[in-house]
Structures are given as C-alpha cells and as structure tokens.
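The first residue of the sequence shown is numbered 1, and numbering continues consecutively from there.
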Amino acid sequence: MTTLDNIIDLTVRVEDCVDAGDWVEAAALDVQRVEVIGQYLNEVGDGPGRAAAAQLLRELLARNELAMRKVQVMRELIVEKTTQLRASEAALKAYVSHSSANQAGLG
C-alpha cells in the first residue's frame, strides 16, 4: 500500500467512524492520518509531485469540512435530545412529588 493509498484508506475510515458516531476512533484515526500526510509531504518535498499533493490536500480539506459539518449536526442533535431528556426528567420528578403530596394529603 502506498502512502497515498494509506491516506485515502484512513480518510474513509475516519468518515465511517464519524457517520457511526464513534468519535474516539475517528479522532485516533485522524491522528494517524495526520502523521501519514506529513510523511507524504516529506516524500513529495519540492519535487514534481507537489502540485498533486496540493490537490490532494484540497480534496482532504473538503472532505474534512463535510465531516465536521456532520459532527456539528450530530452534536446539535445530542444537545437537543439532552435538553429534552432533562425537561422530561424534571417533569417526571414534579409529577411524582405532586402525586406523593396529594396521596399524603388524602390519607
């Protein structure tokens, strides 16, 4: 597997983890990917492959931006659901407290 193939493979794996909501694995794979990109850029140096490397980086940036948008949407959904759960929990506690108070008053 070439360094370029490794970068693409890691990118796909990061995207898959983001889609699955596996943030820990996505972050770990992204660290690996950054290291491999660094190796690739060192291999290319100032040689003739520099234009191809620049194009690759632009494509990776676009893919990263898409993944980050997905993460932001998921984060917003999680915050919304957490807020709903807290409100439901508070309503349940109020109901139980009210019910207990009413039952105590009836006895």
Side-chain angles (χ1 to χ4, degrees):
M1 176 181 281
T2 68
T3 305
L4 190 56
D5 291 335
N6 197 10
I7 292 169
I8 299 302
D9 178 62
L10 285 166
T11 298
V12 169
R13 291 172 59 198
V14 167
E15 292 167 341
D16 289 345
C17 287
V18 167
D19 289 342
D22 188 349
W23 318 120
V24 174
E25 184 66 13
L29 290 169
D30 191 51
V31 168
Q32 290 178 28
R33 182 175 63 159
V34 168
E35 291 173 6
V36 176
I37 290 170
Q39 292 171 1
Y40 175 70
L41 294 175
N42 284 334
E43 290 171 8
V44 171
D46 290 334
R50 191 170 184 179
Q55 179 60 34
L56 170 70
L57 291 176
R58 282 191 289 277
E59 290 172 15
L60 289 176
L61 180 60
R63 290 174 81 165
N64 275 356
E65 288 172 351
L66 177 61
M68 292 308 298
R69 283 195 298 274
K70 287 180 182 180
V71 168
Q72 185 60 35
V73 167
M74 288 180 197
R75 175 183 277 160
E76 290 168 4
L77 289 173
I78 290 169
V79 168
E80 181 180 326
K81 290 296 181 188
T82 300
T83 301
Q84 290 173 354
L85 286 172
R86 286 183 181 149
S88 296
E89 184 177 291
L92 178 61
K93 285 181 182 178
Y95 175 79
V96 168
S97 175
H98 181 72
S99 293
S100 296
N102 282 343
Q103 285 179 354
L106 293 175

Measuring only between side-chain heavy atoms, which start at C-beta, is Asp22 closer than 4.5 Å to Val24? yes
At their closest point, which heavy atom of Ala26 faces which heavy atom of Val18, and how far apart are they? CB-CG2, 4.1 Å
Please name the pair of heavy atoms, one in Ala53 and one in Tyr40, separated by the smallest distance, quoted to 0.1 Å. CB-CE2, 3.7 Å
To the nearest 0.5 Å, atom CD of Gln84 lies from atom CG of Leu77 at 9.5 Å
Can you list every pair that meets side chain to side chain donor-acceptor pair (under 3.5 Å) and has a residue in residues 24-38, with sequence neighbours left out? Thr11-Arg33, Asp30-Arg33, Arg33-Asn64
Pairs in or reaching into residues 79-92: which pass salt bridge (charged side-chain N to carboxylate O under 4.0 Å, His left out), with residues at least two apart or in two chains? Glu89-Lys93
How about Trp23 and Val71: do any of their side-chain heavy atoms sit closer than 4.5 Å? yes
Under the side chain to side chain contact (heavy atoms under 4.5 Å, CB included) test, residues paired with Val96 that sit two or more places apart: Leu92, Ser100
Minimum-distance pair of heavy atoms, taken over all atoms of Thr3 and Glu43: OG1-OE2, 2.9 Å
Keeping to residues at least two apart or across chains, list the salt bridge (charged side-chain N to carboxylate O under 4.0 Å, His left out) pairs with something in residues 52-69. Glu15-Arg63
Any heavy-atom pair between the side chains of Ile37 and Leu10 that's under 4.5 Å? no
The side chain to side chain contact (heavy atoms under 4.5 Å, CB included) partners of Thr2 (sequence neighbours excluded) come to Leu4, Asp5
Counterpart residues, side-chain hydrogen bond (donor to acceptor under 3.5 Å, both in side chains), relative to Arg75 (two or more places apart): none
Determine whether Leu57 and Ile8 fall in the same hydrophobic cluster, where Ile, Leu, Val, Met, Phe, Trp and Tyr are linked whenever their side-chain heavy atoms lie under 4.5 Å apart. yes
All heavy atoms of Val44 vs all of Gly49, minimum pair found to be CG1-C, 3.4 Å
Check the surroundings of atom CE in Met74: do more than 12 heavy atoms from other residues, nucleotides or ligands lie under 6.0 Å from it? yes
dist Leu41:CG -> Leu56:CG (nearest 0.5 Å) comes out at 8.0 Å
